[in-house]
Protein chains: 2
Amino acid sequence: MDTQSKSNITAVSDAPPTVCSACEARHGGVCAALSSAQLIELNRTSTKRHFDAGSEVIGQGEQTVGYSNILHGVVKLSKMMADGRQQIVGLQFAPDFMGRPFLKESNLTAEAATNVEVCAFPRVGFERLVSETPDLEHKLHQQALKELDEAREWMLTLGRKTAQEKVASFLYLIATHIDPTQPFKKTFDLPLSRADIADFLGLTIETVSRQMTKLRKENVIVIENNRHVIVPDQRRLRMAGGVD
Amino acid sequence: MDTQSKSNITAVSDAPPTVCSACEARHGGVCAALSSAQLIELNRTSTKRHFDAGSEVIGQGEQTVGYSNILHGVVKLSKMMADGRQQIVGLQFAPDFMGRPFLKESNLTAEAATNVEVCAFPRVGFERLVSETPDLEHKLHQQALKELDEAREWMLTLGRKTAQEKVASFLYLIATHIDPTQPFKKTFDLPLSRADIADFLGLTIETVSRQMTKLRKENVIVIENNRHVIVPDQRRLRMAGGVD
DNA sequence: AAATGTGATCTAGATCACATTT
DNA sequence: AAATGTGATCTAGATCACATTT
């Protein structure tokens, strides 16, 4: 899984490192702010890492050891109360940046929802690069604002929507985020279990199940083998989710 | 209310403008990133503005005409669905920065919850200053991350807490934010009506009322004249709110 | 066997209808 | 008179208990 070469002659090279040229995250990701020289510099300490579905990327309260870009897969961010109640507070997709800049320890748990590939950077080097590169901080700022917009949108879903609307909103979110190259994917595999979906929507597993069945019976979606979803009509799904 | 003088001789002055020296927002606010020269520059176009409680600062979908720093008062940020359901997605207190950088139009409504004083900056000039001043963008980035942390914390409240815990969490939030100079204020006036509190917590007015009464009967809080709250024991309030 | 679906029953919070307070 | 409080009733979603599917 670690197919990456860490050697790159410093010299007069002005092409980006091979790994970076091939990287899916470069287009929309934070690395787009970096010059070839900076990519070479960052690439010297970066490693490609794999997380199996279900494995923990970082735990609530743990020290931040590094940051990363998601190359492939879905990561869930969650918070837990003392008594075990859990809320998923966000999902991250390629080419999102992962990690909370400027904080020593994580205030949430990040867990691979599917198999996940990331390009990981050690903390110190990356933070130095950020402080030296205003364009990079600008990119990170933009992503933080995007995540803030999404979190607030989801607060409306959590606070004011019915169970039916919540489930439809979730399916709409997945359809619009699962493939970075398409604005809406009509066909996809759910990256989360019913239990995770419940934790994301503030519902129980049973309610999620029933609402899925209802959306299926109303022909808003087709489900095959539990995880595979087909959305025949994007507009109907938006309506069902109360998405404006 | 507009007691501000806009004149400041450019010359060799290296002291911050008088208005800025007296400004409460300077200490923790984004202006702290600016040099005296930059403060003088920004101050040339900034105006102190007042909003009466209940008046709209900016509406969902409106063009961003400027940004501002809250000097005094509480601003509520809300989102509304097509059918009128409303969710308050955040509260802002002095010395918070208001406005969504880098977006042409607002994706939410900002409304003065109490009487509010702000220091307002026209959009274009401020954006130029941001692009020229990495420290200022860093400050804005930090505030965006702080708001993101708070939004996610609130998602846990909205998705997983009981009505009782929600109301206690709200009171705790106010007690810890209403006075920027104190970590916890034992005595305060509620900046929101019961209707607004309901919209913030994803509850109805009646449920908020009943839970307030319950917290009162359990001696977690004392309420005088509807709006005035006394918290005898910070720990008990945290417990009631499931705050960790 | 672990995840998902579904029926029966329960209950927290919504809804409806007023009373009370500021 | 507008905001708040509270009783009576209702209901969406939770809980409990299994059946079914992968």
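Worth knowing before you read on, the calculation uses all heavy atoms, side chains too, and leaves out hydrogens, waters and symmetry mates. Convention: sequence-line order gives letters A, B, ...; per-chain numbering from 1. Just so you know, these numbers come straight off a predicted model, no measurement behind them.
What separates CD1 of B:I223 from P of C:dT20 is a distance of 19 Å, to the nearest Å. Straight-line distance from the CG atom of B:L190 to the C1' atom of D:dT4: 12 Å, rounded to whole Å. In this entry the distance linking CZ of B:R194 with P of C:dT22 reads 11 Å, nearest Å. For the pair A:N226 CG and D:dT21 P, the computed distance is 11 Å after rounding to whole Å. As rounded to whole Å, 10 Å separates atom P of D:dA14 from atom CG of A:L201. One interatomic measurement links the two molecules: CD1 of A:I197 to P of C:dA3, which rounds to 13 Å at whole-angstrom precision. Rounded to whole angstrom, the span from the CZ atom of B:R227 across to the P atom of D:dG5 amounts to 11 Å. If you take CG of A:L215 and C1' of C:dT6, they are 16 Å apart, rounded to a whole angstrom.
In this structure, the side chains of A:I230 and A:I223 stay at 4.5 Å or more apart for every pair of heavy atoms.
When each of A:K139, A:E147, A:K146 is tested with A:Q143 by the rule side chain to side chain donor-acceptor pair (under 3.5 Å), just one qualifies, namely A:E147.
Within the structure, salt bridge (Lys or Arg N to Asp or Glu O under 4.0 Å) pairs that include any residue of residues 206-218 of chain A do not occur (at least two apart or interchain).
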Please walk me through it: do B:T109 and B:K79 pass side chain to side chain donor-acceptor pair (under 3.5 Å)?
-> CA-CA 6 Å; B:T109 298; B:K79 286 189 164 268; over 6 Å; no
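Contact annotation: A:T207 side-chain N/O to D:dG13 OP1/OP2 distance is not under 4.0 Å. The side chain of A:T213 contributes an N or O atom lying less than 4.0 Å from OP1 or OP2 of C:dT6. Distances shorter than 4.0 Å separate none of the side-chain N or O atoms of A:R210 from OP1 or OP2 on D:dG13. For C:dA14, one of the phosphate oxygens OP1 or OP2 lies less than 4.0 angstrom from a side-chain nitrogen or oxygen of B:T204.
Take the nearest nucleotide of DNA chain D for A:Q211 and for B:L192: the residue whose nucleotide is more 5' is B:L192. When each of A:A195 and A:R160 is assigned the nucleotide of DNA chain C bearing its nearest heavy atom, the one mapping closer to the 5' terminus is A:A195.
Note on A:R85 versus B:E165: salt bridge recorded, some NZ/NE/NH1/NH2 to OD/OE distance being below 4.0 Å.
In this structure, A:I205 reaches neither bases nor backbone, as no heavy-atom distance under 4.0 Å exists between it and the strands shown. Contact annotation for B:S193: backbone-only contact, meaning every heavy-atom pair under 4.0 Å involves sugar-phosphate atoms and none involves a base.
Minimum atom distance to the side chain of A:E206 is reached by D:dC16, of the listed C:dG5, C:dG13, D:dC16. In the set D:dT22, C:dT4, D:dT15, the nucleotide with an atom closest to the side chain of A:N225 is D:dT22. Listed nucleotides: D:dG5, D:dG13, C:dG5. Nearest to the side chain of A:A163: D:dG13.
Remark: C:dA1 base-pairs with D:dT22; criterion is Watson-Crick or G-U wobble with both hydrogen-bond distances under 3.5 Å. C:dT15 is paired with D:dA8 under the Watson-Crick or G-U wobble criterion, all donor-acceptor distances under 3.5 Å.
Note that the CD atom of A:Q92 and the OG atom of A:S68 stand 8.5 Å from one another [nearest 0.5 Å].
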